[in-house]
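Have a look at the structure below before the remarks.
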Amino acid sequence: MATAPERLLLRLEWKVVRRLDGRLQGAHRTAHRGSGIDFTGLRAYTEGDDARHIDWNVTARLDEPHLRVFTEDRELTVWLVLDRSASMAAGRPGRGKHDVLAELALVLARLFGRGGNRVGALLYDTGMLRVVPPGTSRRHALRIAAELERTAAASGGATTDLAEMLDAAGRLARRRALVVVLSDFIGDGDWERSLQRLARRHEVVALRIVDAADDVLPEAGLIVVEDAETGEQLVVDSADPLLRARLREAVDDREARLAAGMRRARVPVHRVDTDRDLGEALVEVVAGTGGRKP
């Protein structure tokens with residue numbers, strides 16, 4: 001009998017993976033044109049070469065500039081950074097942010113793995129880390145899905161430390177890689193500095209998962225509002241125009257700070273709403289990056 005991750009993958013392969021297959025595939029160099037991994041030899045310097053690759057010892061010995069030559073990797077290592085904090089539980093049953101994150105992670109793992117790229121995952125839940133080492137097979141994608149099914153115990157009392165989540169990704173990805181961060185980016189910490197450090201070493205893409213509950217307070221009279229991460233509760237009048245205006249200002253301020261931080265870090269951020277068709281959302285993500293293949 002098929003497990004829940006297997007049933008989910010079968011559905012996603014039929015509805016989403018086939019639509020995207022060919023847009024993301026392996027056997028292509030990454031967008032980075034770095035020095036690569038394997039040293040293959042030396043050659044004489046020619047005009048236009050990157051001076052950072054000059055071997056100064058050989059240059060001094062031969063009295064002529066020589067470059068170190070490396071082979072660029074054609075396979076890509078992809079790290080999925082998966083936010084499993086309490087704020088990601090928002091949304092209607094079966095289609096909350098947790099559910100959309102799981103589907104995105106499974107589709108991306110399958111797409112990249114089909115092309116021969118190695119995909120690993122870091123699951124972060126307010127300081128608790130679980131790591132799935134990089135792999136390529138369909139079974140490996142199912143392993144990531146199985147890890148996502150495991151519900152971490154509610155920690156409570158602290159909001160997500162986004163900086164620590166990004167720093168953990170930097171410690172984990174030692175070689176240059178594509179790092180895809182899947183999160184609602186609701187949390188504390190000086191995450192912008194951490195994101196900049198991560199983006200200097202790796203190619204980073206942010207998929208921001210958003211539910212309507214993040215932005216809009218329903219007009220339902222007196223309601224109990226609970227912070228998903230701290231558990232703090234407050235009774236509010238949802239019809240109070242002053243309250244609604246303050247909430248709108250807070251949401252706009254959060255949006256502006258997030259956009260500015262991503263822009264300064266030069267990290268593309270793509271919004272994925274929980275009520276969107278996943279295939280359409282991912283097609284837009286690929287189109288937004290110029291259809292670049294990894």
Side-chain angles (χ1 to χ4, degrees), residues 1-28 75-85 88-125 130-152 177-184 205-212 270-289 291-294:
M1 183 174 179
T3 63
E6 287 173 329
R7 291 194 298 272
L8 176 60
L9 181 54
L10 284 170
R11 178 171 64 83
L12 293 173
E13 283 179 326
W14 180 256
K15 292 183 60 178
V16 181
V17 173
R18 291 188 179 191
R19 292 165 63 181
L20 290 170
D21 206 9
R23 291 175 179 264
L24 296 172
Q25 50 185 291
H28 288 274
E75 286 73 34
L76 181 66
T77 297
V78 181
W79 282 102
L80 303 178
V81 180
L82 308 175
D83 182 355
R84 299 294 286 166
S85 61
M88 290 292 293
R92 68 182 188 274
R95 200 58 188 170
K97 290 188 284 187
H98 271 325
D99 303 299
V100 174
L101 178 143
E103 292 186 4
L104 281 168
L106 192 50
V107 167
L108 291 173
R110 186 67 180 127
L111 280 169
F112 281 110
R114 279 160 69 103
N117 303 301
R118 301 170 67 245
V119 184
L122 181 155
L123 290 77
Y124 182 87
D125 183 4
R130 282 181 283 154
V131 176
V132 179
T136 60
S137 66
R138 187 177 189 276
R139 183 182 296 275
H140 184 73
L142 289 170
R143 179 183 174 187
I144 294 175
E147 284 295 321
L148 283 166
E149 271 210 319
R150 294 172 51 191
T151 303
L178 170 61
V179 179
V180 184
V181 184
L182 290 80
S183 172
D184 57 7
V205 175
L207 299 185
R208 182 182 169 220
I209 303 170
V210 180
D211 186 82
H270 304 276
R271 177 174 172 134
V272 180
D273 290 273
T274 56
D275 59 358
R276 283 288 309 278
D277 176 82
L278 191 63
E280 291 179 1
L282 284 174
V283 167
E284 288 185 7
V285 169
V286 174
T289 57
R292 183 177 63 236
K293 297 173 184 177

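No experiment lies behind these values; they were computed from the predicted model shown.
- Residues P133 and W79 approach most closely at CA-CH2, 4.4 Å, considering heavy atoms.
- Qualifying side chain to side chain donor-acceptor pair (under 3.5 Å) partners for D273, counting only residues two or more places apart in sequence or in other chains: R271.
- Across V100, L101, V107, a single residue satisfies side-chain contact (heavy atoms from CB on, under 4.5 Å) together with L104, and that is V100.
- The heavy-atom pair separating A109 from I144 by the smallest distance is CB-CD1, 4.0 Å.
- Here the rule is salt bridge (Lys or Arg N to Asp or Glu O under 4.0 Å) with K97, and of D275, D83, D211, D184 only D184 fits it.
- Partners of A102 by side-chain contact (heavy atoms from CB on, under 4.5 Å), not counting sequence neighbours, listed by chain and number: L148.
- Ion pairing between R95 and E103 holds under the 4.0 Å rule for side-chain N and carboxylate O.
- With values rounded to the nearest 0.5 angstrom, L76 atom CG is found 10.5 Å from R118 atom CZ.
- In this structure, CG on L106 lies 8.5 Å from CZ on R138, to the nearest 0.5 angstrom.
- Separating the OG1 atom in T77 from the CG atom in L178 is a distance of 9.5 Å, to the nearest 0.5 Å.
- Nearest heavy atoms, A105 versus L80: O-CD1, 3.6 Å.
- A pairwise comparison of heavy atoms in V132 and H140 identifies CG1-CE1, 3.6 Å as the closest pair.
- Rounding to the nearest 0.5 angstrom, the gap separating the CZ atom in R84 from the OG atom in S183 is 12.0 Å.
- Counting heavy atoms from C-beta outward, L108 and V180 have side chains that approach closer than 4.5 Å.
- Closest heavy-atom contact between D125 and S85: OD1-CA, 3.6 Å.
- Contact record, G116 with T136: O-CG2, 3.9 Å, taken as the closest heavy-atom pair.
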